Every structure is written in structure tokens, then in C-alpha cells.
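The structure appears below as C-alpha cells.
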Amino acid sequence: MEARIIAAALVPFLLAAGAWATPKKIPWDPNCAPVHRAFRATFATERLSAITYEVKPDGSLKAFGEARFTDAAVFERSLGSPSNRWIVSRRGAWSPWEEFGPRYSGCKLVAGNDPASRSGSRYTADWHGFPYEADVEIWLSEGDETVAKLVRRYPNSNWQFPFPNAAIVYDLDPASAAEPPGMALPE
């Protein structure tokens with residue numbers, strides 16, 4: 001009898017865990033082709049860097065993390081950490097596909113010229129990076145060839161970062177992606 005009561009009490013938790021662990025399949029959205037193409041071109045560059053910022057409620061930015069991509073490695077560090085320690089890993093190829101579907105869906109081109117992007121191209125979309133999902137704004141670079149920046153807004157409490165709104169700014173200047181002194185690619 002006691003075992004049945006415990007099992008009955010656990011059913012809601014097991015169902016909730018199962019819902020979280022099994023993502024919905026996301027269909028390919030042809031409206032997202034320019035976004036996927038720009039991300040592929042951004043990450044196809046030999047060297048680039050990215051700074052992740054917390055977007056505060058008043059709109060101000062606080063630097064959170066830095067990533068430097070070289071041809072073979074990714075160097076990452078937390079900018080708020082007292083140790084300021086770099087973590088290195090091998091660089092993989094970027095793909096528009098996650099395990100359960102495309103990274104972006106529901107893409108809409110925002111009309112009008114935006115001063116944040118020299119080309120004026122800005123998209124809104126849904127971002128998928130299991131187990132996370134966010135509403136995202138994406139600014140493309142001049143000529144819509146690469147990504148300049150993005151802002152992710154996580155609509156629930158399942159955040160990728162310790163805050164609900166994040167901005168990521170990309171820099172394709174090779175000098176911005178210099179290997180940190182004394183760091184070597186792991187064997």
C-alpha cells in the first residue's frame with residue numbers, strides 16, 4: 001500500500017521530467033535560410049570572437065563571457081570570474097541543425113533601416129538549443145553575409161545563462177581572436 005502511494009505521488013514529477021526531456025520536433029522554416037546562411041558564414045571564418053552580455057532591465061549591458069575561435073580551437077572564459085581562467089576545446093563545424101531540428105524557426109524580416117546594422121537587416125525568430133529555447137533578434141552585417149549580434153530572451157525559467165536576456169556580439173577581426181598567452185590546444 002505504501003509503495004502505491006509513493007508511486008502515485010511520483011507520477012506528476014515523472015510526467016513533468018519526461019515533457020522537459022523530450023523536445024518537440026521543429027520543422028525546417030525556409031524563411032530562416034538567410035539567418036542560417038549568415039551564421040554558417042560567420043562560423044566558417046578562420047578566426048572570430050564573441051562577447052556574451054547580460055541585458056539588464058534598463059537595457060544596459062554587463063559583460064559575462066568571452067569566446068575566441070581559431071581555426072582549430074575555442075577559448076572561453078567567464079568575465080565575471082575572479083580566476084579569469086580560459087577553457088580550451090577543439091572547434092567543431094557549425095550546423096543549422098540541432099539534434100531535434102533547426103536552430104532557428106519562425107524567422108521574420110523586420111522592416112525598416114536599423115542603425116545597429118549597416119545593412120539594416122534584422123530578423124526576429126525562435127532559437128532552439130536543446131534544452132533551451134528563446135525569442136531572438138538577429139542583426140546581420142553589411143551585405144547580410146554574417147551575423148553582427150543577437151539578443152536572446154528566454155521566456156521561462158530555463159535559462160542558458162544566469163539571467164533571462166543575453167546579447168552576443170560577434171567580431172570577425174582576426175586580431176580579436178588571438179590565442180590567450182600560454183594556452184595550447186588539448187591533445
Side-chain angles (χ1 to χ4, degrees), residues 18-55 59 61 63-71 73-74 76 89-174 176-177:
W20 178 81
T22 307
K24 60 184 179 231
K25 293 282 186 180
I26 308 297
W28 177 258
D29 182 350
N31 294 320
C32 292
V35 169
H36 284 123
R37 203 170 26 253
F39 271 101
R40 185 183 304 271
T42 300
F43 284 96
T45 60
E46 196 170 296
R47 290 182 175 264
L48 73 136
S49 66
I51 304 286
T52 300
Y53 297 90
E54 174 184 4
V55 180
L61 301 176
F64 174 76
E66 177 182 8
R68 297 180 187 180
F69 299 81
T70 66
D71 58 340
V74 179
E76 297 177 276
S89 58
R90 292 198 177 279
R91 183 176 177 182
W94 188 88
S95 170
W97 292 93
E98 287 283 310
E99 183 176 353
F100 300 101
R103 289 182 193 254
Y104 296 93
S105 65
C107 295
K108 294 181 178 105
L109 179 62
V110 177
N113 190 5
D114 187 339
S117 174
R118 291 175 64 189
S119 69
S121 292
R122 179 171 56 115
Y123 286 83
T124 60
D126 299 316
W127 174 80
H128 315 279
F130 183 74
Y132 310 107
E133 290 188 348
D135 300 325
V136 65
E137 286 182 79
I138 304 156
W139 286 262
L140 302 184
S141 66
E142 185 173 7
D144 295 347
E145 294 179 10
T146 58
V147 178
K149 74 175 182 177
L150 63 85
V151 174
R152 287 188 200 142
R153 293 176 184 85
Y154 297 88
N156 54 36
S157 61
N158 188 25
W159 307 335
Q160 183 179 13
F161 305 104
F163 40 84
N165 301 313
I168 303 174
V169 179
Y170 298 94
D171 187 343
L172 280 80
D173 178 4
S176 74

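Here the structure is a predicted model, which is why all the values come from computation and not from measurement. Heavy-atom basis, side chains included; hydrogens, waters and symmetry copies ignored.
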Does the [X] side chain pair with the main chain of [Y], one donor and one acceptor, at a distance under 3.5 Å?
X      : Y      : value
Arg122 : Val110 : no
Arg91  : Glu46  : yes
Asp29  : Gly106 : yes
Thr42  : Val147 : yes
Ser141 : Thr146 : yes

Minimum-distance pair of heavy atoms, taken over all atoms of [X] and [Y]:
X      : Y      : value
Cys107 : Val35  : SG-CG2, 4.1 Å
Ala67  : Glu76  : CB-CG, 4.0 Å
Arg153 : Asn165 : CG-OD1, 3.2 Å
Pro131 : Asn158 : O-ND2, 2.7 Å
Glu145 : Ala41  : O-CB, 3.2 Å

Can you confirm whether [X] sits close enough to [Y] that some side-chain heavy atom of one is under 4.5 Å from a side-chain heavy atom of the other?
X      : Y      : answer
Phe130 : His128 : no
Asp126 : Asp135 : yes
Asp171 : Leu48  : no
Tyr170 : Phe39  : yes

Would you give the length of the straight line joining atom OH of Tyr104 to atom CG of Leu150, rounded to the nearest 0.5 angstrom? 5.5 Å
Mind checking what makes side-chain contact (heavy atoms from CB on, under 4.5 Å) contact with Ala167, not counting sequence neighbours?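 For Ala167, the residues satisfying side-chain contact (heavy atoms from CB on, under 4.5 Å) (neighbours in sequence not counted) are Tyr53, Val55, Leu61, Val151.
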For Gln160, check side-chain contact (heavy atoms from CB on, under 4.5 Å) against everything at least two apart and list the hits. Trp127, Tyr132, Arg152, Tyr154
Quick one: list whatever passes ring pair (Phe, Tyr, Trp, His ring centres under 6.0 Å) with Tyr123, sequence neighbours left out.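 Counting only residues at least two positions away or on another chain, Tyr123 forms no ring pair (Phe, Tyr, Trp, His ring centres under 6.0 Å).
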How are the rings of Phe163 and Phe64 set relative to one another: parallel (under 30°), tilted (30 to 60°) or perpendicular (over 60°)?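 Because their plane-to-plane angle is over 60°, the rings of Phe163 and Phe64 count as perpendicular.
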Ring geometry between Phe43 and Trp94 (parallel below 30°, tilted from 30 to 60°, perpendicular above 60°):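 If you compare the ring of Trp94 with that of Phe43, the planes turn out parallel.
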